[in-house]
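Here is the structure we will look at.
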Amino acid sequence: MALLTIHEPGQTPLPHEEERKLAVGIDLGTTNSVVAMSRNEKSEVLRNADGGSAIVPSVVHYATDGTVTVGEDARDLIDSEASQVVSSVKRLMGRGLEDVKSVAGTLPYHVEIPETPTDANAAEPQMVRLNVGNRVLTPVEVSADILRTLKSRAEQALEQDVEQAVITVPAYFDDAARTATKDAAKLAGIEVLRLVNEPTAAALAYGLDNGAEGLYAVYDLGGGTFDISLLKMQKGVFQVKSTGGDAALGGDDFDHVIVETILAARKEQGIVDTIDSSAAKRLLKIARAIKEALTDQDQVDVAVDINDAETTHRVTRADFDAMIAPMIARTVSITEQVLDDADILPEDVKGVVLVGGSTRVPAVREAVASLFEQEPLSNIDPDEVVAVGAALQAEALTGGSDNLLLDVIPLSLGLETMGGIVEKVIDRNTPIPVAKGQEFTTYQDGQSAMMIHVVQGEREMVDQCRSLARFVLSGIPPMAAGAARIRVTFQVDADGLLTVSAREETTGVEQEVAVKPTYGISENDMANMLRDSMVHARDDMELRLLTEARVEARRNILAVQAAMKADVELLDDEDTAAINAAVAELEAAMQGDDRQVINDLAEALDTASRPFAEKRMDRGIRRALAGQNVNNVSP
């Protein structure tokens with residue numbers, strides 16, 4: 001609890017003014033959303049008007065008359081007006097058309113395909129747009145409608161305006177999805193105090209409730225994403241040690257595999273279904289009901305009617321467990337990698353926190369218990385725990401707290417250098433907020449501009465990482481290669497959003513860019529980046545070393561050729577022939593893949609050019625001493 005709040009002179013608020021500015025915590029979920037409020041470090045979820053459910057289904061209905069309905073009423077309309085209903089929109093935040101998951105090859109939405117820009121340089125993939133109820137909407141706009149409903153619920157429960165919130169996001173949400181989430185909040189009239197990773201928010205809730213200290217794993221399997229985080233809790237400090245996840249793995253995928261199994265069974269009965277977007281939504285609703293029922297039952301019987309062809313199906317828990325086994329195994333594999341990253345054994349983990357509605361699935365709980373050899377913690381409702389932690393963080397940011405929240409960067413950030421090599425500036429699992437800088441220089445004589453290419457990922461080469469932004473630092477004074485000093489600074493704020501600046505130190509020329517991520521990155525890319533970096537680590541390093549050898553060899557060739565051009569009068573035929581022969585051999589070797597041969601021939605070029613270099617040095621010394629008394633020259 002904050003003991004004293006200090007204000008700048010002249011900025012002391014009126015009595016009770018701060019009391020009226022409430023901030024809430026919002027879990028904007030794929031399947032369900034929750035809003036919570038914290039006072040005196042005690043958080044509670046805010047329920048509907050009759051004091052019932054705290055959960056707001058993340059489902060929106062758009063009527064043809066312009067009416068917008070959010071929550072349970074919208075979900076009930078899937079059967080009768082499916083074409084006007086949007087669900088699981090969180091999976092589309094910051095995504096492109098290729099990321100929309102289909103049912104039997106059919107998209108569950110009517111999708112607007114954006115026009116392709118005529119300017120190739122501007123051909124950035126665009127966020128998918130949905131045609132719903134005769135309206136064209138982005139996922140940002142749909143999410144804003146869900147946030148407006150949560151804001152309204154909070155205002156009714158608290159009986160005052162709510163304009164600020166801490167909103168949670170999956171740990172493996174990239175910059176595009178985080179930016180889209182903040183845009184949605186702004187559209188809903190909510191100021192985002194901070195974006196907090198969902199596993200971290202859950203850990204915050206458990207840490208405060210239980211006074212827990214030690215290492216904890218947070219296993220977060222929601223409707224659309226999977227995150228696993230390892231946190232160290234000590235004396236009010238919540239530090240993320242390692243994190244991992246899959247941005248395209250969650251309860252929705254369980255639903256899809258149930259639907260595909262049912263359609264396969266119908267096909268075996270001779271029924272060939274034609275699935276449109278409305279049928280896809282109805283099937284997914286049925287699948288979700290099956291999944292939820294199998295949490296407590298051993299089997300479920302269901303009738304499926306598509307185009308007046310009705311079939312009945314029995315799904316047992318054993319059947320369901322077999323369907324989702326590969327996906328559960330994927331979460332276990334990612335969890336093991338996160339433990340390895342932190343150099344931690346499963347038995348070193350004091351407790352495992354379950355987050356997300358999909359952790360109610362018995363097979364998921366059994367897999368987690370087996371991996372960590374202990375029963376996971378679930379004494380806070382997994383559907384509510386994230387909002388509880390977000391509310392506690394909201395209180396901390398507006399009223400002060402003894403607790404410190406340290407999140408981390410999930411993937412490394414760096415720059416492209418010559419040869420397409422990645423120079424990492426901020427490594428993955430670095431606590432945020434953070435600012436780090438590194439000095440670079442020019443490659444060629446007289447270079448007056450430099451392209452700054454910002455990338456994200458764990459691989460050694462640029463074409464194996466994700467491109468985030470490009471900008472040009474111009475106005476560099478012409479100098480010899482390597483003489484300019486250009487400092488590039490990366491700043492990552494508490495929301496995980498990046499700003500990059502570049503400054504030429506001798507002139508003060510500076511450029512800055514707030515990274516504006518494209519909205520078309522494949523949702524599999526982020527989850528694959530870390531795995532690929534491990535699988536290809538040896539090959540990547542060999543390729544990096546080979547590329548560095550080529551770059552250094554090219555630099556030496558350019559330097560020697562520039563010197564020969566500048567001081568051609570110092571060269572005799574023998575020197576010229578020897579240098580040209582060495583250059584030719586080195587250039588030929590650079591076309592191959594033998595790094596040692598390139599390095600040996602680079603040394604041979606150095607040896608061949610040494611007499612010429614000595615002549616240049618001698619002349620330089622003579623010019624420096626010209627007209628001076630030898631007694632005046634310092635030894």
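None of the values given here were measured: they were computed from a predicted structure.
The shortest non-hydrogen separation linking Thr243 to Ser229 is OG1-OG, 3.1 Å. Ala184 and Val140 get closest at one heavy-atom pair: CB-O, 3.5 Å. Closest approach of Val45 and Ala54 over heavy atoms only: CG2-CB, 3.5 Å. Of all the heavy atoms in Arg178 and Pro170, the pair that sits closest is NH2-O, 3.6 Å. Nearest heavy atom pair, residue Leu193 against residue Leu397, reads CB-CD1, 3.9 Å. Of all heavy-atom pairs between Lys291 and Val361, the closest is CG-CG2, 4.5 Å.
Between Leu46 and Leu158 there is a side-chain heavy-atom pair separated by less than 4.5 Å. Leu147 is listed as a side-chain neighbour of Ile167, based on a closest heavy-atom distance under 4.5 Å. Residues Asp246 and Ile334 have side chains in contact (heavy-atom distance under 4.5 Å, counting atoms from C-beta outward). Residues Ile290 and Val302 are in side-chain contact: their nearest non-hydrogen atoms beyond the backbone lie under 4.5 Å apart. Annotation: side chain of Val218 is in contact with side chain of Val355 (closest heavy-atom distance under 4.5 Å). In this structure the side chain of Val300 never reaches within 4.5 angstrom of the side chain of Phe320, judged on heavy atoms. A heavy-atom distance below 4.5 Å is found between the side chains of Ile190 and Ile26. In this structure, Val56 and Val34 have side chains that are not in contact, with every pair of non-hydrogen atoms separated by 4.5 Å or more.
In this structure, OG in Ser33 is found 10.0 Å from CD1 in Ile55, a value given to the nearest 0.5 Å. The distance from atom CZ of Arg330 to atom CZ of Phe226, rounded to the nearest 0.5 Å, is 9.0 Å. Considering CD of Glu292 and OG of Ser358, their distance stands at 9.5 Å, rounded to 0.5 Å. A distance of 4.5 Å separates CD of Gln164 from CD of Glu191, quoted to the nearest 0.5 Å. Atom CD1 of Ile258 sits about 8.0 Å away from atom CD1 of Ile324, to the nearest 0.5 Å. Note that CG of Leu22 is 4.0 Å distant from CE of Met37, once rounded to the nearest 0.5 Å.
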Audit row: Arg288, Ser88, side-chain contact (heavy atoms from CB on, under 4.5 Å) steps and yes/no: CA-CA 12 Å; Arg288 184 171 292 118; Ser88 298; 3.9 Å; yes

Verdict with supporting geometry, Asp145 and Arg148, salt bridge (Lys or Arg N to Asp or Glu O under 4.0 Å): CA-CA 5 Å; Asp145 285 323; Arg148 285 191 190 98; 2.6 Å; yes

side-chain contact (heavy atoms from CB on, under 4.5 Å) between Val86 and Val59, intermediate numbers included: CA-CA 6 Å; Val86 179; Val59 183; over 6 Å; no

Salt bridge (Lys or Arg N to Asp or Glu O under 4.0 Å) assessment of Asp381 paired with Arg360: CA-CA 10 Å; Asp381 190 320; Arg360 297 181 187 277; 2.8 Å; yes

Candidate pair Lys285 and Asp255, rule salt bridge (Lys or Arg N to Asp or Glu O under 4.0 Å), full reasoning: CA-CA 8 Å; Lys285 182 180 178 182; Asp255 301 340; over 6 Å; no

Verdict with supporting geometry, Val169 and Val196, side-chain contact (heavy atoms from CB on, under 4.5 Å): CA-CA 6 Å; Val169 293; Val196 174; over 6 Å; no

CA sep, side-chain torsions, deciding dist, call: Thr168, Leu28, side-chain contact (heavy atoms from CB on, under 4.5 Å): CA-CA 7 Å; Thr168 61; Leu28 182 61; 5.9 Å; no

Listed pairs under 3.5 Å, donor-acceptor, residues 66-75 side chains, sequence neighbours left out:
from  : atom 1 : to    : atom 2 : distance (Å)
Thr67 : OG1    : Asp65 : OD1    : 2.9
Thr67 : OG1    : Asp65 : OD2    : 3.3

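For the side chain to side chain donor-acceptor pair (under 3.5 Å) with Tyr219, the lone residue among Thr331, Thr335, Asp227 that qualifies is Thr331. When the options Thr149, Ile146, Val85 are evaluated for a side chain to side chain contact (heavy atoms under 4.5 Å, CB included) with Val60, the one that passes is Ile146. When each of Val385, Val364, Thr359 is paired with Leu354, the side chain to side chain contact (heavy atoms under 4.5 Å, CB included) condition holds for Thr359 and for no other.
Ion pairing between Lys151 and Glu155 holds under the 4.0 Å rule for side-chain N and carboxylate O. A salt bridge between Lys90 and Glu198 is present, with a side-chain N of the basic residue lying under 4.0 Å from a carboxylate O of the acidic one.
Ser242 places a side-chain N or O within donor-acceptor distance of the main-chain N or O of Val338, the cut-off being under 3.5 Å.
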